[in-house]
Amino acid sequence: MQQGKIIIFSAPSGAGKTTIVKHLLSINPQLNFSISACTRDKRGRTEENGKDYYFITPEEFKKKISNDEFVEWEEVYEGAFYGTLKSEIQRIWDSGKHVILDVDVKGGLSIKNFYKNQALAVFVKPPSIEELASRLTARNTDSASSISSRVFKAKFELSFEDQFDKVIVNDNLEKAFAEAEKLVNDFIGTKQPANV
Ligand code: ADP
Ligand code: 5GP
C-alpha cells in the first residue's frame, strides 16, 4: 500500500485557509486536495459536488459513520456535518501524490493525532477577530447569523494555536503564500510519495 504525506491547514472560518490551499495546489503538482463529505447545502454558483465537497444527506453521512469510513468527522456548525474519508486519502496516495486538506481546528488536530509524523498541521491565524468578521462579510457567502456563529466559534478556536506544528498569520496574503510554500517544501521535499 503506497503512502505519502498529509498537509493539514486549519483555521477559524474566514482566516484564509481555502485561499492558501488553492494557491499551493495551483503551484505544486505533487499535491492533491482531499475532498470532504458534508451535509450542508451547496453554495449555488460557486461550488460543485465532487470538487469542493461530496454533498450528501445526513442519512448517508450517518451510514458512513457506522461503516467506519471516516478518519474524523465533526458537527462543525449546528446541523452541518463534515468528515474526512479514508477512501479519499488512499485515492490520492494511490495516484502518487501527497494529500493537502482544509478542515476545522478540532478535525485538524484529530488528523494530526491519527497520522502523527506523516502529517504537518498548520494553523492559519487572522490578524484580528475584527478583520476575520470583515473578511467573512466581504466574502458574501454566508448569512449574518452564520457569520456571527463563525466569529463566536473563532474566539474559542484561536486557543488551539499552540497544538499545531506551525502557525501562519495571514495578514499580507503574498507573505502568507510565501510562508506556506516554504513550510510545504520543507516538509515534503522534492521526493515523490513512492520514495517517502
Ligand atoms: P477560510 O477558508 O479560512 O474560511 P477563505 O480563504 O475563504 O477563508 O478567506 C476568507 C475571505 O477573505 C475570502 O473572501 C478571501 O478572498 C479573503 N482573504 C483571504 N486572505 C486575505 C488577506 N490576507 N487579506 C484580505 N482578504 C483575504
Ligand atoms: P465551509 O462550510 O465554510 O466550507 O466550511 C466550514 C468549516 O468546515 C471550515 O472550517 C472547513 O475547514 C471545515 N471542514 C471542511 N471539511 C472538513 C472535514 O472533513 N472535517 C472537519 N472536521 N472539518 C471540515
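Counting convention: from 1, in listed order, for ligands and their atoms alike. Worth knowing before you read on, the calculation uses all heavy atoms, side chains too, and leaves out hydrogens, waters and symmetry mates.
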Subset of ligand 2 atoms that lie under 4.0 Å from at least one heavy atom of E74: 22 (N)
Per-atom contacts of ligand 2 with G107, taking only distances under 4.0 Å to non-hydrogen atoms: 22 (N)
Protein residues that have a heavy atom under 4.0 Å from any atom of ligand 1, sorted by chain and number: P12, S13, G14, A15, G16, K17, T18, T19, R135, R139, N170, D171, L173
Contact summary for T84 and S34, nearest pair of heavy atoms: CG2-OG, 4.1 Å
Aromatic ring proximity, centroids under 6.0 angstrom, F9 and F164: no
For atom 13 (C) of ligand 2, closest protein heavy-atom neighbour: D104 N, 3.5 Å
Shortest protein contact, atom 20 (N) of ligand 2 (heavy atom only): E72 OE2, 2.7 Å
Heavy-atom pair of closest approach, residues P127 and E131: CG-CG, 3.7 Å
Minimum-distance protein heavy atom relative to atom 11 (C) of ligand 2: D102 OD1, 3.7 Å
Protein contact of atom 15 (C) of ligand 2 - nearest heavy atom, named by residue and atom, plus distance: Y53 OH, 3.4 Å
K153 charged N/C atom sitting above Y77 aromatic ring, 6.0 Å / 45°: yes
Heteroatom proximity flag, T84 to ligand 2, N/O under 3.5 Å: yes
K106 and ligand 2 - part of the residue with a heavy-atom distance under 4.0 Å: neither
Atom NZ of K106: over 12 foreign heavy atoms under 6.0 Å: no
Region of R43 that comes within reach of ligand 2 [heavy atoms, distance under 4.0 Å]: side chain
Which segment of R150 sits under 4.0 Å of ligand 2 when only heavy atoms are counted: side chain
Distance filter under 4.0 Å to R40 heavy atoms, resulting ligand 2 atoms: 1 (P), 2 (O), 4 (O)
Cation-aromatic face contact K5/F187, 6.0 Å, 45 degrees: yes
For atom 19 (O) of ligand 2, closest protein heavy-atom neighbour: S36 OG, 2.7 Å
Neighbour count >12 (heavy atoms, 6.0 Å) for atom NZ, K112: yes
Least distance between heavy atoms, L132 atom then S13 atom: CD1-O, 3.3 Å
Which segment of Y77 sits under 4.0 Å of ligand 2 when only heavy atoms are counted: side chain
Aromatic ring proximity, centroids under 6.0 angstrom, F160 and F156: yes
Aromatic plane relationship, H23 with F177 - under 30° parallel, 30 to 60° tilted, over 60° perpendicular: parallel
Of the listed options V76, V21, L136, closest to atom 7 (C) of ligand 2 (non-hydrogen atoms): V76
I6 side chain reached by I89 side chain, heavy atoms, under 4.5 Å: yes
Taking atom 2 (O) of ligand 2 as the reference point, the nearest protein heavy atom with its distance: Y82 OH, 2.5 Å
More than 12 heavy atoms of other groups within 6.0 Å of N117 CG: no
Partners passing salt bridge (Lys or Arg N to Asp or Glu O under 4.0 Å) against R43 (at least two apart in sequence or in another chain): E47, D142
